[in-house]
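Read through the structure below, which is laid out as structure tokens, and then see the notes.
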Number of protein chains: 2
Amino acid sequence: MDTGTNTEAAIARTLKKNNLSITESRKKILQLFLEQTGALAHGDIEKKAGEKFDRVTVYRTLQTFVEKGIIHTIPTADNSIRYALCKDACSDGHHHDHHVHFVCTNCKKTYCLDDVVTPEIKLPKDYTAEQVEVVVEGLCRDCR
Amino acid sequence: MDTGTNTEAAIARTLKKNNLSITESRKKILQLFLEQTGALAHGDIEKKAGEKFDRVTVYRTLQTFVEKGIIHTIPTADNSIRYALCKDACSDGHHHDHHVHFVCTNCKKTYCLDDVVTPEIKLPKDYTAEQVEVVVEGLCRDCR
DNA sequence: TTTGATTTTGCAACAATGTTGCTTTTTAAT
DNA sequence: ATTAAAAAGCAACATTGTTGCAAAATCAAA
Ligand SMILES: [Mn+2]
Ligand SMILES: [Mn+2]
Ligand SMILES: [Zn+2]
Ligand SMILES: [Zn+2]
């Protein structure tokens, strides 16, 4: 059984499911996420796929994937957005990623802790919460 | 009693306390933070003080203030760092801001919720937490 | 209060990042 | 195969952030 073909098929399925036409750049970028444990910054993707594709294409592909709920963004303190695959039931225009993110201060790798749900936050009366983002910084498994 | 003078004196005191020489740009930028309820992005500061000072000076001043524990950064989803005054006992090289931040999805204002402490997060065994950042998005008091 | 070492600023040049309009190419349906 | 629609590539531009260096401001000591 050819794993490469299977992955390729899964990628095509994901794209079709989201009403996206199957293009080289979308296939390549989605594959990068599937091969990856952690999250990817725009820069990472540009380095890994950028020789084949225009910078603008990478920007537009990431934007499309976020809109479709295929990947989600992770805010970090260093002003560089990371992207990671959505594992929850995210769909076009609506994300449901209620998990905590972890950024290693040493290796800078960023992880989705899919099993750690974001806590309830009790806000002052005047505020209405729509979404809670939790980013934990520290040392990852590999770095301590 | 002249409030202007008092503020000015307080600003000078803060700078001295942190072993910073008292300069026009530092005074002006610190004053902006004191006049302000919420947080300021670099862009805001550049607009409000930028006609008088060089862009580079604003960058360097903010960096210095962060290092000295006068202000702290707030990560946000839109990749634009916000800065706010430290109210806790932050000092040179060491911050102790354990409060939750709130970003209004409507007006984009960013608030320090100084009384809402960041919760404990139970991580998988392999991870060590050094700092927890919580950013809540929703509607602020003025926008609902 | 002048002097002089030290720090900070402004400027210029550059690098990195992100955006937009338009043309060509690719995709997917007929 | 043909064709309409979508996406990619390209160029030009805008914004944001960084660095080295000379000029100016600050501060402390004389
Ligand atoms: Mn995630
Ligand atoms: Mn704060
Ligand atoms: Zn690590
Ligand atoms: Zn608001």
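As a basis for the values below, the full set of heavy atoms in this structure was taken, side chains included, without hydrogen atoms, waters or symmetry mates. Model, not experiment: these values are computed from the prediction. Sequence lines set the chain letters: A, B, ... in the order given, protein chains first and strands last, and positions in each chain run from 1.
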Using atom names, set out every protein N or O paired with an N or O of nucleotides 15-20 of chain C below 3.5 Å, distance rounded to 0.1 Å.
| from | atom 1 | to | atom 2 | distance (Å) |
| --- | --- | --- | --- | --- |
| C/dG18 | OP1 | B/Asn79 | ND2 | 3.3 |
| C/dG18 | OP2 | A/Tyr59 | OH | 2.8 |
| C/dG18 | O5' | A/Tyr59 | OH | 3.4 |
| C/dG18 | N7 | A/Arg55 | NH1 | 3.2 |
| C/dG18 | N7 | A/Arg55 | NH2 | 2.9 |
| C/dG18 | O6 | A/Arg55 | NH2 | 3.0 |

Name the pairs: protein N/O against N/O of nucleotides 25-30 of chain D, kept only if under 3.5 Å.
| from | atom 1 | to | atom 2 | distance (Å) |
| --- | --- | --- | --- | --- |
| D/dC27 | OP1 | B/Ile22 | N | 2.5 |

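Screening B/Thr14, B/Ile70, B/Thr61, B/Leu30 against B/Leu20 for a side chain to side chain contact (heavy atoms under 4.5 Å, CB included) leaves a single residue, B/Ile70.
Atom-to-atom, CZ of A/Arg26 to P of D/dG9 comes out at 12 Å; the value is rounded to the nearest Å. The distance from atom CD1 of B/Ile29 to atom P of C/dT8 is 13 Å, rounded to the nearest whole Å. The distance from atom NZ of B/Lys47 to atom P of D/dT15 is 10 Å, rounded to the nearest whole Å. Distance NZ (A/Lys27) to P (D/dA7): 15 Å, rounded to an integer number of Å. Rounded to a whole Å, the CG atom of B/Asp54 is 5 Å from the C1' atom of C/dG10. In this structure, A/Lys52 atom NZ and D/dC10 atom C1' are separated by 19 Å, rounded to whole Å. If you measure from atom CG of B/Asn18 to atom P of C/dT8, you get 12 Å, rounded to the nearest angstrom. To the nearest angstrom, P of C/dG10 lies 14 Å from NZ of B/Lys28.
Other cluster members for B/Val103: B/Val135, joined by side-chain heavy-atom distances under 4.5 Å among Ile, Leu, Val, Met, Phe, Trp and Tyr.
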Run the side-chain donor-acceptor check on residues 45-57 of chain A: report pairs under 3.5 Å with partners two or more places apart or on a different chain.
| from | atom 1 | to | atom 2 | distance (Å) |
| --- | --- | --- | --- | --- |
| A/Glu46 | OE1 | A/His42 | NE2 | 2.6 |
| A/Asp54 | OD2 | A/Val56 | N | 2.9 |

For residues 115-134 of chain A, which side-chain donor-acceptor pairs fall under 3.5 Å, sequence neighbours excluded?
| from | atom 1 | to | atom 2 | distance (Å) |
| --- | --- | --- | --- | --- |
| A/Thr118 | OG1 | A/His98 | O | 3.4 |
| A/Tyr127 | OH | B/Arg141 | NH2 | 2.7 |
| A/Thr128 | OG1 | B/Arg144 | NH1 | 2.8 |
| A/Glu130 | OE1 | B/Thr105 | OG1 | 3.4 |

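Applying the ring pair (Phe, Tyr, Trp, His ring centres under 6.0 Å) rule to pairs touching residues 12-38 of chain A yields nothing, sequence neighbours excluded. Screening residues 57-71 of chain A for salt bridge (Lys or Arg N to Asp or Glu O under 4.0 Å) gives A/Lys68-A/Asp92 as the qualifying pairs, with residues at least two apart or on separate chains. For residues 18-32 of chain A, every residue pair satisfying the salt bridge (Lys or Arg N to Asp or Glu O under 4.0 Å) rule, not counting sequence neighbours, is listed here: A/Glu24-A/Lys27.
For B/His72 and B/His96, the ring centers sit 6.0 Å or farther from each other.
Fit an axis to the five pairs at each end of the helix from C/dT1-D/dA30 to C/dT30-D/dA1 and the two axes sit 30° apart, to the nearest 10 degrees.
Within the model, atoms CG of B/Asp97 and CG of B/Asp114 stand 8.5 Å from one another, a figure rounded to the nearest 0.5 Å.
When the side-chain contact (heavy atoms from CB on, under 4.5 Å) test is applied to B/Ala41, the partners found at least two apart in sequence or on another chain are B/Asp44, B/Arg82.
Counting heavy atoms from C-beta on, the side chains of A/Thr76 and A/Ile81 never come closer than 4.5 Å.
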